[in-house]
Amino acid sequence: MTASLATQPVIAKLPPGPRAHLLSPVTQAALRIQNGIAVASREYLAAHGYLELQPPVIGPVTDPGVRGAKQIDVDFYGHKYKLMTSVILYKQASLLAFEKIFYLAPNVRLEPLETAATGRHLVEFHQLDVEARGASREQILEELQGLLRHVVEHVVREASTDLAALGRDPEVFAPLLHRDFERMSHREAVARLQSLLHRQSPDAEIDWAGEKLISERTDRPFFIVDYPKGSRGFTDGESRVEPGVLRNFDLIAPAGFGELASGGEREYEYRRLVERMRETGENPAKYAWYLEVAKEGLPASAGFGLGLERLTRYLAGLDAVWQATAYPKLPGIAAP
Amino acid sequence: MAGHCLPQTARDRGTVTAIRAPHLPESAIRARARDGTAAIFPDVEGYGHTLFGGVPAAEPTADELDLAQVVPPVFVPRRLEKLCELGREPLHGDVDLTTSIGGFAAPLPVFLCAFGSTRVAGSGLGLAASEQAGRLGIPMVIGENVVPMHGYGRSGDGPADGLLGRILAYADTAPTGLGGVVVQQSTEDADAEVWNLVYSDPSATALLDSGRLAFELKVGQGAKPGLGGMTVLSRPAAAAVSEQYAVDEAFGPQATMVLRSSSPGTFTGEILRQQVHLMRNNFPRARIWVKLHPGRDVRLAAEVAWNAGADAVTVDGAEGGTGWAPSVFLNNVGLPLAECLRRIGKHDADLLVSGRIWEGSRALKCLAMGASAVGLGRAALVAVNEDAADGLVRLVRCLELELRLLLSALGKYHLLDLDAADLWFPGLPSPDQRGRKHDES
């Protein structure tokens, strides 16, 4: 999947030291492509009425719905604060002030060590975090498809030299640009995996190997919708008509690149939030500020978080996501 | 390896604190911890001179499991099977006690219960117990709030008997392929992200890679059913955790000590089901255990947990618990273990029980009533307190020998063959009279 540069071995399991990494033409091309993604995203979102806010970096709580990862504690004048694993709680609250917002937000997650070799996990990474008041999941899926097409058009147009240097054929994006992204339910994805003799729990998220398996069989990104409750955190909204089913989604890239984004409609009513917190093993007292806001009314919303480095990896056709960041930090590996 | 230093550390510390267990036969437990299997027999010095016989209980007991008798039959068809298999008469040494406990292989149906954060469990005893449980290859549960109270132990942020110290002490001595470590978490402990911490820690990699790590969701406990954890802390220690826990001046405004309470956490069937689902989702490489208090709906709760995918359900009888609890709860609240076992009945799922277990007959009675394994709590602490180097090992060896003798007497050589017909409860009709099959049929 990765093309080679004549002078630089591209396939590498682990990052080299900072000098070699920064001097690598692969890194440089990837970061220029990443810059194009940021420029094009801002362009698209501004044109669609979104306001960019600056993301909070620490808070008393952060995103609770992160599979197996550990949060980083910060001593805030004697109070235990967290580095953001995602800004979801702040995204919802910010809709009190504005109708449509986005952040380009840094996240830090101490991922389990087993993720170091997946090629798609970084401890420190960035998300394009988008949220729209009153939006439905379907509207936000349209928005995400539109955004991705705009970004790809921009990158293909503006970064053609870098794509060529990386051996990435712009033609691979033709299906993405011209055909709607497929939508399959979690249940359908499980059935598809089981038919491929992959053991996938119907109650859990699609595991990484499974995601790769489905993604290898497609030519454009696709959505998996309707995850079961018990596979995600409390902010993912539960269907009012189909209890146990979440009004959420993942966006999966084709050709084995895997998950790019997660999102959906949010839980926003106080009572439902409290119940969902307990169902996800959370202590509501920890979320005091957020619940206080919810008690007086949080707007209904939908949105998503799109991984900037993962999208870069996909567009640039890189082997590993660490190639799409200047200072890669992999699970369990101390690095600058 | 660090582990070679730990027993010595533990021994030094363990002798400092004397602990008392007034509701257990403490001197008998200490004798076993000190003298090993010699202590399960009458004094050998008296052999040939003394006439022995059953000793009436010193005081009447209300504990149904204590009252029950193990009742070997005269006819033993399973011994005939074993005789054919071996080509000689079977003995107690031929009893197979190996089993699986909540997804872990174990040499006998015994595990080490959590000690929690009480001071009794600190002072190096937890560490000594971990090292010995490892040596025995029996699964070990590490208490819910060891991390919030004792620290994790990484980067020198806590004493040696923090969570990491206990995991390392266990892992360094455990035989390959046997046992496992179970890390508990309850509602408030979620703040400390204990599971996430362990799951992403290099120290736990070996356990994860060998499938020997489990997480236990603590729904309740035996000593105080319906309440959360309680410990007594000095005022400065309480101040340090006051953001997470309720702190009361239960002992008066002038007292130097205060009461620290956790919430019991709110559970419904849906909450328990989804919490188990999320644990399985978030920690796919860990086993999932659920610990219940002896509630009146314990069967329903156990079934919810099993159906949601829990590898084991642990039930602590009302007579259990190492911790500190209001007297009104110790004496009046919760189902006794025998009634829990009766309500849950035999299931095709792992049911682990604890509550005043220290010797073989109580263990066997629980197994015959449907438990898959029994947990040692207070008795293990007393044993380690008696001898920090080998006390628990000796106590377990005693229990092991008694189990072998009892099973052999019943003419059974596999744990799964035990059933209610092996017990007689005074005042209750025997299983035969209730229309059960005869053993020899």
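Below, read A as the first sequence line, B as the second, and so on, with proteins coming before strands; counting in each chain starts at 1. Computed from heavy atoms alone, side chains included, the values below leave out hydrogens, waters and symmetry copies. All values derive from a computational prediction rather than experimental measurement.
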- Item | Proximity breakdown for B:T266 and chain A, heavy-atom pairs closer than 4.5 Å | both
- Side chain, backbone, both or neither: which part of A:Q71 has a heavy atom under 4.5 Å from chain B? both
- B:Y199 versus chain A, heavy atoms under 4.5 Å apart: side chain, backbone, both or neither? both
- A:R310 to A:F257 six-membered ring, cation-pi geometry met (6.0 Å, 45°): no
- Cut-off 4.5 Å, heavy atoms of chain A, and the answer for B:R273 is neither
- Query: Which one, B:Q275, B:E270, B:R280, leads in non-hydrogen pairs under 4.5 Å with chain A?
  - Reply: B:Q275
- Test: A:R192 and A:E188 ion pair at under 4.0 Å: no
- Does A:D75 pair with A:K80 as a salt bridge, N-O distance under 4.0 Å? no
- Message: If I measure from the heavy atoms of chain B, does A:A69 come under 4.5 Å with its side chain, its backbone, both, or neither?
- Response: backbone
- Message: Aromatic contact between A:F249 and A:Y227, with the criterion being ring centroids under 6.0 Å apart: yes or no?
- Response: no
- In terms of side-chain geometry, is the basic nitrogen of A:E279 or A:R276 positioned less than 4.0 Å from the acidic oxygen of its partner? yes
